[in-house]
Engineer: 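Starting off with a structure, shown below.
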Amino acid sequence: MNIRFKTRLIVLATALSCAFAGAAAAADVKPRLIRFGYGLNEDSVQGRAARHLAQELEKISGGKLKMKTFGSANLGSDEQMQGALVGGAQEMMVGSTAPLAGMVKEFGVFDLPFLFNSEKEADAVLDGQLGQDLLKKLEAKGLVGLVYWENGFRNMTNSKHPIVRAEDMQGIKLRVMQNQIALGVFNTLGANAVPMPFSELFTALETRTVDGQENPITTIQSSKFYEVQPYLTITRHVYTPWVVMASKKWWDKLSPDEQKLVRQAAEASRDFERKDSRADSLKAMGTLEKAGMKINTVSPEEVARMREKVQPVVDKYTQELGPDLVRQLNTEISKARN
Ligand code: TK8
């Protein structure tokens with residue numbers, strides 16, 4: 001064996017063993033580009049958490065799983081993105097549970113008003129049996145539900161007058177999420193509820209196509225609704241979550257190692273997002289006040305009246321969603337409460 005041939009052999013052997021060692025360490029992970037869409041703008045709780053998710057995924061996959069994030073509904077409204085995921089035209093998204101109820105009606109439980117008293121109760125239900133069972137139901141519809149992010153307790157804004165009593169909602173054209181229960185609740189409270197995707201909302205408020213809307217204060221701030229809505233009423237009438245989802249068509253093509261990394265990054269983003277959302281919501285009140293919004297909080301007595309008014313809607317949808325499911329929900333909430 002001449003020396004040149006020997007060197008070549010050594011080089012080849014070293015290259016081969018490196019390749020095997022590398023493959024074992026990096027597991028079965030191919031370079032991939034994941035498109036992740038969301039509805040709020042980049043400077044929002046969603047934007048920050050989406051970037052966190054992308055960074056985390058890139059880090060734990062050794063740079064192989066790259067995520068490109070698209071805010072401001074640039075890939076479409078929640079409903080449009082849901083469709084794109086089902087069809088396999090988009091890999092991932094985060095969106096509200098309310099429009100998901102069109103696919104899996106049980107997600108409507110989160111639109112039942114005045115259920116949760118605190119974020120802690122919501123976390124327990126979402127990360128517990130009920131929340132996880134609901135995510136599993138998405139698979140049959142072509143979606144893989146990974147984790148829940150906090151959207152939060154919703155409050156009302158409008159351009160007409162402060163809402164002090166339920167009667168003040170009379171005649172207010174109020175944008176609601178595209179969901180039967182939300183529609184029923186606000187019409188029963190006396191508003192004129194108009195279902196509309198979030199992506200059209202700012203313009204609709206600005207042009208006075210609608211008079212008001214309801215969302216957590218973090219969103220009222222990041223979407224600059226204070227520019228077109230002078231009145232904010234703290235009602236905390238419902239806590240709605242967001243779901244981070246993947247296209248099932250795409251997901252099924254991933255290796256188990258890749259799926260594990262995506263899940264792991266999604267869980268990290270959930271913990272980051274909830275903390276950030278809670279911190280941001282404390283700051284947002286001050287910002288909204290400074291921006292000149294007139295803020296009032298509905299009294300406990302008035303909340304009790306509102307609850308009473310919407311009870312028929314709750315009863316009707318308890319039947320439709322399944323009394324057992326609603327019972328399970330209430331049991332899980334009281335467990336978390338005590
Ligand atoms: C953003 C929406 C938004 C929701 C709504 O795409 O529609 O009002 O609260 O966060 O999912």
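Note that the coordinates shown come from a computational prediction; the quantities given were computed from them, not determined experimentally. Whatever order the structure lists them in is the order used to number ligands and atoms, beginning at 1.
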Engineer: Judging by distance only, is a nitrogen or oxygen of Glu214 under 3.5 angstrom from one on ligand 1?
Structural biologist: no
Engineer: Would you please determine whether Trp242 falls within less than 4.0 Å of ligand 1 on a heavy-atom basis?
Structural biologist: yes
Engineer: Which residue owns the protein heavy atom closest to atom 6 (O) of ligand 1, what's the atom, and how far is it?
Structural biologist: Asp78 OD1, 2.7 Å
Engineer: Keeping the roles fixed (side chain from Glu56, backbone from Leu53), state whether a donor-acceptor pair exists under 3.5 Å.
Structural biologist: no
Engineer: If you measure only the distance, is there a donor-acceptor pair under 3.5 Å linking the side chains of Thr235 and Thr233?
Structural biologist: no
Engineer: If you count heavy atoms of other groups shown closer than 6.0 angstrom to CG of Asn74, is the number above 12?
Structural biologist: yes
Engineer: Salt bridge or not between Glu258 and Lys30? Use side-chain N to carboxylate O under 4.0 Å.
Structural biologist: no
Engineer: Please identify which atoms of ligand 1 are closer than 4.0 Å to at least one heavy atom of Gly39.
Structural biologist: 6 (O)
Engineer: Quick check: Gln46 and ligand 1, any N/O pair under 3.5 Å apart?
Structural biologist: no
Engineer: Is any N or O atom of Ser96, backbone or side chain, closer than 3.5 Å to an N or O atom of ligand 1?
Structural biologist: yes
Engineer: Give me the atom names and distance for the closest heavy-atom approach of Ile181 to Gly108.
Structural biologist: CD1-O, 3.4 Å
Engineer: Are Phe272 and Trp242 connected in the hydrophobic side-chain network, where two residues link if heavy atoms are under 4.5 Å apart?
Structural biologist: no
Engineer: Measure Met93 to ligand 1 on non-hydrogen atoms and call it side chain, backbone, both or neither using the 4.0 Å cut-off.
Structural biologist: neither
Engineer: Applying a strict 4.0 Å limit to heavy atoms, is Asn215 in contact with ligand 1?
Structural biologist: yes
Engineer: Which atoms of ligand 1 are found less than 4.0 Å from any heavy atom of Arg175?
Structural biologist: 5 (C), 7 (O), 8 (O)
Engineer: Measure Leu201 to ligand 1 on non-hydrogen atoms and call it side chain, backbone, both or neither using the 4.0 Å cut-off.
Structural biologist: neither
Engineer: Please list, in number order, the atoms of ligand 1 under 4.0 Å from a heavy atom of Met177.
Structural biologist: 4 (C), 5 (C), 7 (O), 8 (O)
Engineer: Would you call Lys160 and Asp168 a salt bridge, taking side-chain N to carboxylate O under 4.0 Å as the test?
Structural biologist: no
Engineer: Measuring from non-hydrogen atoms of Arg154 to any atom of ligand 1, is the shortest distance under 4.0 Å?
Structural biologist: yes
Engineer: Tell me, yes or no, whether the heavy-atom count around Glu332 atom CD, taken from other residues, nucleotides or ligands under 6.0 Å, exceeds 12.
Structural biologist: yes
